[in-house]
Number of protein chains: 2
Amino acid sequence: MAVEAASGAHRPAGRPTQKVLSKELITAAALKLIEAGGYDRLTMSALAKALQVAPSALYNHVASKQDVLVLVQDDIIKSIDVSAFGSRPWDEAVRRWAWSYRDVFTRHTPLIPIIAVLPVTGAPQTLRMYETLTSAFLQDGWPEPLIVPAIVALESFIFGSAFDVGAPSDIFESGELAEANPNFTSAVRSQELGAGGSAADAAFRLGLEGLIGGLQAQRAAWSAG
Amino acid sequence: MAVEAASGAHRPAGRPTQKVLSKELITAAALKLIEAGGYDRLTMSALAKALQVAPSALYNHVASKQDVLVLVQDDIIKSIDVSAFGSRPWDEAVRRWAWSYRDVFTRHTPLIPIIAVLPVTGAPQTLRMYETLTSAFLQDGWPEPLIVPAIVALESFIFGSAFDVGAPSDIFESGELAEANPNFTSAVRSQELGAGGSAADAAFRLGLEGLIGGLQAQRAAWSAG
DNA sequence: TCAAGTAAATGAACGTTATTCATTTACTAC
DNA sequence: GTAGTAAATGAATAACGTTCATTTACTTGA
């Protein structure tokens, strides 16, 4: 006599009649856990519990926790704003993309060490973003050999900056070592913050504007031979 | 009848006659472990074994493993080359410092998430480096409010770039998705590498030169009001 | 149609890891 | 000298990622 699965019912061993897991479901559940409690809360046990499944069941769909993180990574890439590429001038499009990219990864810094060394083969959405960028650079007249280095340089700056945002605002307070380091102590106090921005935002703005201008100069230098 | 401690002798419980541990010894042993086998090999147990001590003994000197990493972090900062500041022009000094900084952290990427949010109070060597930088920027005539944002921007770029170096050289190979992403695939193939350099080096060079030039432009814009 | 193979779940187990605690012994200060 | 603290051992713990045997359902080929 079959019993319909009640909400608290226990699933017996053996392959279930209808699928209860998939990569998509795992990705969504992982993302939900992360948003609720950060990366500390993302454990294979917690993930299994959220999906109402035994931890070992996850390993029929992913090879490791690292694998889960790769799925999450490729998913959140979709939320980066690339809409300005193609419709707006190069510098403005890069600016919008970069701020959006940084904001997304500010909430996902533990993914940075992963994405930075992850072959794009395993991350179709990431590849898609690169394609969009490359097309826009070409459209803008960039010499092809400079495009990938330029993207990587921008990305590196973005990743590094994402870490900054999470830093405590008093990170540069010298404390008792202030007297031994007077110039830096003073510079910290006089730091330009910009309109209503945090120190991290000010540094990102300065660096991004510098990088955008500097890359354009490098491009001009290349074209000049 | 007291027995001199032979090399393989077992230390009895209780406070030892002469100190066997200190923060300095722990730092040195941790660094040695990391250099020998990377951060995976740095466990509290391995550290204790290297120091011929029980794991719990470490906790009389550090509060946590995180604490050990902070000690290591502040130690390796000393190996960054700041010698050009004060003796060479601003841009050349920044260039040398940045390459050196990146090279050091290439071998210590797991420290990046830590240093990026670590209050400088707990890292005197790091503070010292910032003081050296600030003095050089002032010497060069930089407006004080821009100095900290500029340093943070450079550092962010350096940290992000350090991750890149560890990436496999075929990280951007599109594989079976090549046809769907033709522009990027082509750009990867035509990528400018520079004289005998890796892709990571080329991107770092391009970005660093862009950033150096761009920051100088930002500085000029600020001074002009 | 049946048999073999594979997919996908459970549940028990394992080896690490960082960390804590009780205990012991030596040093230090009043 | 006695109380308190510093610094070691060794046993214990909880959490985590992962593996394995087992069970059951679906799929495929003769």
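The shown structure was predicted, so the numbers you read here are calculated from the model rather than taken from an experiment. A note on names: the letters A, B, ... follow the listed sequences, proteins ahead of strands, and every chain is numbered from 1.
Taking atom CG on L51(B) and atom C1' on dA7(D), their separation rounds to 14 Å, with Å as the unit. What separates CG of L25(B) from C1' of dA7(D) is a distance of 14 Å, to the nearest Å. If you measure from atom CD of Q18(B) to atom P of dT25(C), you get 19 Å, rounded to the nearest angstrom. Note: CG (L33(B)) to C1' (dT17(C)) measures 15 Å, nearest angstrom. Remark: C1' of dT9(D) and CG of L21(B) are 12 Å apart, rounded to the nearest angstrom. Taking atom NZ of residue K23(B) and atom P of nucleotide dA6(D), one finds them 13 Å apart after rounding to whole Å.
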Only distances under 3.5 Å count here; give the side-chain donor-acceptor pairs of residues 33-50 of chain A to other protein atoms, sequence neighbours excluded, each with its distance to 0.1 Å.
unit_1 : atom_1 : unit_2  : atom_2 : d
Y39(A) : OH     : H108(A) : ND1    : 2.6
T43(A) : OG1    : A46(A)  : N      : 2.9

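Using a 3.5 Å distance cut-off with no hydrogens or angles, the side chains of N181(A) and S174(A) do not pair a donor with an acceptor.
Between F105(A) and F159(A), the distance from one ring center to the other falls under 6.0 angstrom.
Regarding contacts with the backbone of dT10(C), a side-chain N or O of R11(A) is found under 4.0 angstrom from either OP1 or OP2.
Across residues 56-70 of chain B, S56(B), A57(B), N60(B), H61(B) each have a non-hydrogen atom less than 4.0 Å from an atom of DNA chain D (numbered order). Residues of residues 38-49 of chain A that place a heavy atom closer than 4.0 Å to DNA chain C do not occur.
Results of the side chain to side chain contact (heavy atoms under 4.5 Å, CB included) test with L111(B) over I76(B), I77(B), L118(B), V104(B) single out I76(B) as the only residue that passes.
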Under 3.5 Å, which protein N or O atoms sit close to an N or O of nucleotides 28-30 of chain C? Give each pair with its distance.
none

Give me, pair by pair, the N or O atoms of the protein and of nucleotides 2-4 of chain D that are less than 3.5 Å apart, along with how far apart they are.
none

Quick one: do E144(B) and R189(A) satisfy salt bridge (charged side-chain N to carboxylate O under 4.0 Å, His left out)? Show the steps, please.
-> CA-CA 9 Å; E144(B) 201 184 30; R189(A) 291 201 212 293; over 6 Å; no
Step-by-step side chain to side chain donor-acceptor pair (under 3.5 Å) determination, S156(B) to D164(A) = CA-CA 8 Å; S156(B) 295; D164(A) 275 338; 2.7 Å; yes
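Partners of T109(B) according to the side chain to side chain contact (heavy atoms under 4.5 Å, CB included) rule, which considers only residues two or more places apart in sequence or in another chain, are I112(B), A162(B), F163(B).
Across E131(A) and N183(B), no two heavy atoms sit closer than the pair OE2-N, 3.1 Å. Across all non-hydrogen atoms, the minimal contact from L177(A) to T121(B) is CD1-O, 4.2 Å.
The pair K23(A)-D74(A) does not meet the salt-bridge criterion, since no charged nitrogen lies less than 4.0 angstrom from a carboxylate oxygen.
Taking the six-membered ring where tryptophan is involved, the planes of F157(B) and F204(B) are essentially parallel, since the angle between them stays under 30° and well short of 60°. Ring orientation note: the planes of Y130(A) and F172(B) are nearly perpendicular, at an angle over 60° on the 30°/60° scale.
Side-chain atoms of S100(A) do not come within 3.5 Å of backbone N or O of R96(A) as any donor-acceptor pair.
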